[in-house]
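In what follows, chains are A, B, ... by sequence order, proteins preceding strands, each numbered from 1.
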There are 2 protein chains.
Amino acid sequence: MPDEKKPAFAGNITADDVAAEAGVSRWTVNRAFRKDASISSKSLEKVRIAAERLGYVPDLRAASLASDRSNLVALLIDDFANPHKLVMMERLTRILRREGWDILLVNTLDRADAGHALLNASQRRVDAVILIGIQFDDDVLDTALHARRFRKLIIFARTSRNPNTISIAVDDVHAMREIANYVHERGYRRPMFLAGPRTSSAHLLRKETFVDYWRQHFGSEPETVAVSAYDPELAAKVVETTLSARKKASLPDILVCENDALAIGATDVIRHKLGLRIPEDIAITGFDDVPQAEGANYRLTTYRQPLTDMAEYLVEVLDSREDRDFDRLFRGKLTVRESA
Amino acid sequence: MPDEKKPAFAGNITADDVAAEAGVSRWTVNRAFRKDASISSKSLEKVRIAAERLGYVPDLRAASLASDRSNLVALLIDDFANPHKLVMMERLTRILRREGWDILLVNTLDRADAGHALLNASQRRVDAVILIGIQFDDDVLDTALHARRFRKLIIFARTSRNPNTISIAVDDVHAMREIANYVHERGYRRPMFLAGPRTSSAHLLRKETFVDYWRQHFGSEPETVAVSAYDPELAAKVVETTLSARKKASLPDILVCENDALAIGATDVIRHKLGLRIPEDIAITGFDDVPQAEGANYRLTTYRQPLTDMAEYLVEVLDSREDRDFDRLFRGKLTVRESA
DNA sequence: TTTAATTTTGCTCCCGCGTGCAAATGTCTA
DNA sequence: TAGACATTTGCACGCGGGAGCAAAATTAAA
């Protein structure tokens, strides 16, 4: 009695095998695995059973090839030093997966590499590219968009003025004004703004907004300092070299940081290297509300982005077949803690 | 003169289009994009130019379908609260991409979801699955392996006793003994071990090793406490409830933590909630050497995993067509700072 | 210069599934 | 129960490119 049962090893079970097993045609089998399928519950059941027995799962490569929809999006990141990225990835992967989207994770190694990263994604024929990094200049975006290798290029958590790009972000202007008002209300008068890297395209309007608003409404011109990456360690170095030489009287009374990554680095160095108290000697605000901002060590006053709402809107955008302007700004929430 | 030039919009440029443009056959075009190709430099040049002009990029879905190699690996994660994951992702994405591998990022939502996550990956016909999370029980692994949906199932940065699985990890036993010796040498006598969640399969041997070793060599039985996830916030809570009620004399003199995520949470709560000094009142050790361990705030004595070596070995494993035992343990490095 | 060895090129036949339509089957009403 | 309509099912063809071999072109040897 040679090979009574099929080999348990599923060399490659295709829809044809399942069709034979279930006594239907291949197309019926495939239909059973599509949600919009028009199929009788009877044959659906037959197919399910046969597929189960054979261990069949549809091949998404083939499906994608035939249908020209991959249900795959590329997620391009570069600044892995920013702890907020972990939060964003968690939220995006969770929600995208729930809605049937898979994610190709691409590490954009450096600015020169952005083009390669995009090309990489295009070879997999992703339906969209999501940028949550920082090193994307307009020329790279334009090249990518010109080649039209993907239908949608989404800049997440960052506003962009590029008209061919979809930007889903928090309303930086509104947020920064709220922070400025709060800072002033609490009695701070000599703010210093700690900014991140400037890129020509995907830009944060936080620094500009804060500085302009403060000047217009409260008279004085805030100092500003820039860090070349959203990296706590780098921020710490910059803050140290900027502040350590100063006399106590000429120190700012508050450090308004472009995001929590910078604020965290600043906090550490202010406390441990400069030996100052927060908020008594210098107060600090951040932006993003990363998990550790809430912890006992930082208790950071910051601004929370509505990431879940943003991710859900992102899915909407991905699913949409329209060709309208998808840009959208969200309102976040000022979260007050003890740091300012 | 109707449509003199081709539409700039690359609806879908295929190898056929390029072949026509370059005056060669389709197969020559495809060969031009494979690195092992046997092609004359003359036609390679012609193809390159034509491809450039038309904006052609080979379709990896089709290539994968035809060749049965996708050059895609799935990366399954669940514990996004652990900052070390960010480091691991950075390293893996960097090295894998450099070697021509793309990454499918899958968020394993919870333990019950692991099966779905695996199935998800299998539908894309990934060449391998890499697990860097924690919620993978043996039954899930066995199901996945039994279905034989991928050639390799790699457990990264965690040892596994499952014989069908490839484990690339640091030698926990060696590392923990080194830590235990160091702790004892420094004069600590009442250690408490702060452990993470226990899963039946992908297991860390750190707690067992430390406790056994300490008992055997130094007589006393260390206390142990467990946290249900590698999450600093959770660790903080557990440590607070465990230690806050005790008199100072009955406190441990050192907290040996299974990894930095726990150590960070513990540090915060010990300093800010219990009002104790580190290391004078309680010392702390971690494991992983996350970026913030080096920062001014934590200065954590910890153990660094050779992630780059491990990732490079991972690539070797992926590329190999042999069927041998790939399990491998690496030696890391004890990194001493001020916390212990 | 002719023949043999070698490299390059073209081609047939798949890979596994979706699209759109026609045939078949089922359901409802009069 | 026949006719009209709705639902299911089957099928030819195509998506873009790889494997392996045969034909053609190029190079080396005699």
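- Under the 3.5 Å distance criterion, with hydrogens and angles disregarded, no donor-acceptor pair is assigned to the side chains of Asp78(B) and Thr108(B).
- Rounded to a whole Å, the CZ atom of Phe33(A) is 13 Å from the C1' atom of dG16(C).
- To the nearest 0.5 angstrom, Ile77(B) atom CD1 is 8.0 Å from Leu105(A) atom CG.
- Evaluation of the side chain to side chain contact (heavy atoms under 4.5 Å, CB included) rule for Asn120(A) yields Arg97(B), Asp102(B) as partners, not counting sequence neighbours.
- Using a 4.0 Å cut-off between charged side-chain N and carboxylate O, Glu316(B) and Arg328(B) make no salt bridge.
- Within the 4.0 Å cut-off from OP1 or OP2 of dG18(C), at least one side-chain nitrogen or oxygen of Arg34(A) is found.
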How does protein reach along nucleotides 9-15 of chain C, written 5' to 3' as B (base within reach of a heavy atom under 4.0 Å), S (only sugar-phosphate), or - (no contact)? BBBB--B

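- Between the C1' atom of dG10(D) and the CG atom of Asp16(A) lies a distance of 13 Å, rounded to the nearest Å.
- By the 4.0 Å N-to-carboxylate-O rule, Asp127(A) lies too far from Lys152(A) to be salt-bridged with it.
- To the nearest angstrom, P of dC15(D) lies 18 Å from CG of Asn30(A).
- Partners of Asp327(A) under the salt bridge (charged side-chain N to carboxylate O under 4.0 Å, His left out) rule, at least two apart in sequence or in another chain, do not exist in this structure.
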Can you give the donor-acceptor pairs under 3.5 Å from side chains of residues 45-61 of chain A to other protein atoms, not counting sequence neighbours?
unit_1	atom_1	unit_2	atom_2	d
Arg53(A)	NE	Glu21(A)	OE2	2.6
Arg53(A)	NH2	Glu21(A)	OE2	3.1
Asp59(A)	OD1	Arg61(A)	N	2.8
Asp59(A)	OD1	Arg61(A)	NE	3.1
Asp59(A)	OD1	Ala62(A)	N	3.3
Asp59(A)	OD2	Arg61(A)	NE	3.3
Asp59(A)	OD2	Arg61(A)	NH2	2.7
Arg61(A)	NH1	Ser64(B)	O	3.0
Arg61(A)	NH1	Ser64(B)	OG	2.6

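- Atom pair Glu45(B):CD and dT8(C):P shows a separation of 15 Å (rounding to whole Å applied).
- Scanning for ring pair (Phe, Tyr, Trp, His ring centres under 6.0 Å) contacts around Phe80(A) gives an empty result, with sequence neighbours left out.
- Note that the two end axes of the helix from dT1(C)-dA30(D) to dA30(C)-dT1(D) enclose an angle of 20°, each drawn from 5 base pairs, rounded to 10 degrees.
- The CG atom of Leu119(B) sits 12.0 Å away from the CZ atom of Arg124(B) when rounded to the nearest 0.5 Å.
- The CZ atom of Arg61(B) sits 12 Å away from the P atom of dC15(D) (whole-angstrom rounding).
- Atom CG of Asp68(A) is separated from atom C1' of dG16(D) by 11 Å (rounded to the nearest Å).
- The distance between atom CD1 of Ile13(A) and atom P of dC17(C), rounded to the nearest whole Å, is 11 Å.
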